[in-house]
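Computed from a predicted model, the values in this text were never measured in an experiment. Basis for what follows: all heavy atoms, side chains included, without hydrogens, waters or symmetry-related copies.
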Amino acid sequence: MTDSDHATDITAPFDRVEHAAAGADLPDDPDEIVAAIFDPVRRGELYPLYHRLREVAPVHHSSHPMMPGGWLVSRLDDCLDIYRNPRAVSDPRTAEHFNHGGAGGAFYQMLRQMMLFLDSERHARVRRIVVSAFTPRALASVAPLTQSYADQLLDAVADRGEMEMVSEFAYQLPIRVIAHLLGVPDDGMAVVERFAYDFARGSEPSPEVNERTRRADAAAVGFGEYFAELIEHRRSRPGDDVLSALVAAEDDEGHLTREQVVATAVLLMQAGHETTTDMLGNSLVALFRHPDQLEQLRRRPELTKSAVAELLRFDPTHQLNNRLQLDDVRIDDITIPAGDQAVVMIGAANHDPAHFDAPDELRLDREIRQHVAFGFGAYYCVGATLARTELQVALRTLVDRLPDLRPAADTFQW
């Protein structure tokens, strides 16, 4: 799940800094804790709940309808062990949590074609081809391209003296960058933006079909049709872009099928902007809540790289990873049986006090040996370098160009 998947009309004050002390108001029953974690009204209160779950049930067998039968794992060491285990895999069965209402809709069917949900052998093959498509030349263009778009977006609002940060900057910046890298033409941006938001909302598991899941299904169909047409165009008229490289790429088994290229293009389009958008929003909320750290970032440009690492640890946009266990796995005195899914709780792992001193404090100069905001191991996010670069450029541009940057109100909406 991502932060925006929990978006509701819930307001929170900027001056509230959350601490992880397990207070008397938090439940002791792990099922109650899990219910609160999946309740969108509690969004923004996840970290105290994670701490309490780690204390009372660091490995918990969930009966919640949002994650039925999953084993929720919340300690960093246990999460890393799962990520390292070659017999803990992503697989089409791990996409079942996104089979909204069991209806087998278009969103679910497209996810099953994406490399994130392929069996290990097919995942490794598609991953090699995707990595090869992000050529050194393409990656080298990310920083100047991001800088150019960031400046354009701020230029457009400079005379107003205010902006709606998410819709006018945090959303527009990464979607323009990934669209450019993929080779989406300017006249295709309206199409991409029309489907991107609704498709992303589908990544929130739902035990039933509802308006949100129907819109996600429609977006999957629209995305598929758009990229299928663009791919056919690239076959006859290739360009200097990632989509053309995917179409042309082959290995010992030949080219990717059209369905594989379509699913990969949608994955790169969505993963290449949605989580970065959310991460920019989360970062600004964190910095506004910690004005001393915001001022430190302003004064010390050399902290930008470590600041992004700390912000990713502090409030990552992606909160859960599923891994299908092909063998029995034992953690302490609990056995996760073969065929069940382990659910890596990324936000909880990133706040594990066994690894991070005062984990609920934002420290931009923190030395971080390991966090799992991008996952770990065989399924480590292929776009991690892209996201880190965009975040570094975006935050640096905001604090340098807008030295008086501050929220327009004393609350924000999750």
Side-chain angles (χ1 to χ4, degrees), residues 1-68 70-79 204-207 278 281-293 310-311 313-320 332 334 343-363 366 371-373 407 409-414:
M1 60 182 172
T2 64
D3 285 352
S4 59
D5 294 330
H6 288 262
T8 58
D9 291 331
I10 305 299
T11 61
F14 274 108
D15 61 358
R16 185 191 69 208
V17 178
E18 296 168 12
H19 296 286
D25 59 331
L26 295 179
D28 291 321
D29 180 79
D31 287 326
E32 290 185 38
I33 299 170
V34 171
I37 288 171
F38 283 107
D39 179 0
V41 175
R42 297 298 298 268
R43 183 66 192 96
E45 305 292 347
L46 284 178
Y47 297 100
L49 292 166
Y50 286 156
H51 283 294
R52 177 54 67 89
L53 184 63
R54 191 189 308 105
E55 291 171 358
V56 302
V59 181
H60 176 63
H61 195 211
S62 170
S63 60
H64 194 278
M66 295 279 276
M67 198 60 64
W71 294 83
L72 306 183
V73 181
S74 51
R75 293 183 302 211
L76 179 58
D77 285 335
D78 297 335
C79 293
E204 177 71 9
S206 175
D278 293 345
N282 285 8
S283 297
L284 288 167
V285 168
L287 291 168
F288 288 147
R289 284 180 154 182
H290 298 79
D292 61 319
Q293 297 300 296
E310 169 68 348
L311 289 161
R313 181 205 67 81
F314 184 76
D315 195 13
T317 61
H318 194 59
Q319 292 285 324
L320 304 176
D332 295 340
I334 295 175
V343 181
V344 173
M345 305 190 76
I346 294 171
N350 279 353
H351 280 246
D352 188 341
H355 285 267
F356 304 103
D357 177 49
D360 300 301
E361 292 182 12
L362 183 70
R363 301 176 181 174
R366 186 191 297 268
H371 69 68
V372 290
D410 61 0
T411 63
F412 64 94
Q413 291 185 338
W414 287 114

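Two residues are said to be in side-chain contact when any heavy atoms from C-beta on lie closer than 4.5 Å; Val344 and Val73 fail this criterion. Annotation: side chain of His61 is not in contact with side chain of Pro30 (no heavy-atom distance under 4.5 Å).
Applying the side chain to side chain donor-acceptor pair (under 3.5 Å) criterion to His355, with sequence neighbours excluded, gives Asp77. For Phe356, there are no ring-ring contact (aromatic ring centres under 6.0 Å, His included) partners, not counting sequence neighbours. For Asp29, there are no side chain to side chain donor-acceptor pair (under 3.5 Å) partners, not counting sequence neighbours. Partners of His60 according to the side chain to side chain donor-acceptor pair (under 3.5 Å) rule, which considers only residues two or more places apart in sequence or in another chain, are Asp31. Among residues two or more places apart in sequence or in another chain, the side chain to side chain donor-acceptor pair (under 3.5 Å) test is passed with Arg366 by Glu310. By the ring-ring contact (aromatic ring centres under 6.0 Å, His included) test, His64 is found to be paired with Phe38, residues two or more places apart in sequence or in another chain being considered.
Between atom CG of residue Asp292 and atom CG of residue Leu287 there is a gap of 10.0 Å, rounded to the nearest 0.5 Å. If you take CG on Leu49 and OG on Ser74, they are separated by 12.0 Å, rounding to the nearest 0.5 Å.
The shortest non-hydrogen separation linking Ala348 to Arg54 is O-NH2, 2.8 Å. Across all their heavy atoms, Arg313 and Pro316 have their closest contact at O-CD, 3.5 Å. Closest non-hydrogen pair, Phe412 versus Pro13, comes out as CE2-O, 4.0 Å. For Ala373 against Asn350, the heavy-atom pair with the smallest separation is N-ND2, 3.7 Å. Between Met345 and Cys79, the shortest heavy-atom distance links the atoms N-SG, 4.3 Å.
In summary, of the residues considered (Leu76, Asp78, Val372), a side chain to side chain contact (heavy atoms under 4.5 Å, CB included) with Asp352 occurs for Leu76 alone.
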Leu320 vs Leu72, side-chain contact (heavy atoms from CB on, under 4.5 Å): CA-CA, chis, key distance, verdict: CA-CA 9 Å; Leu320 304 176; Leu72 306 183; 5.5 Å; no
Test log, rule salt bridge (Lys or Arg N to Asp or Glu O under 4.0 Å), inputs Asp332 and Arg75: CA-CA 12 Å; Asp332 295 340; Arg75 293 183 302 211; 2.5 Å; yes
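Arg52 places a side-chain N or O within 3.5 Å of a backbone atom of Leu26 that can act as its donor or acceptor partner. Checked by atom type and distance alone, the side chain of Thr317 never pairs as donor or acceptor with a backbone atom of Asp278 at under 3.5 Å. Between the Asp315 side chain and the Asn282 main chain, no donor and acceptor come within less than 3.5 Å of each other.
The aromatic rings of His351 and His51 lie perpendicular to each other, with more than 60° between the two planes, well past the 30° mark. Between Phe314 and His290, the ring planes are perpendicular. Angles over 60° get that label, and only those under 30° would be called parallel.
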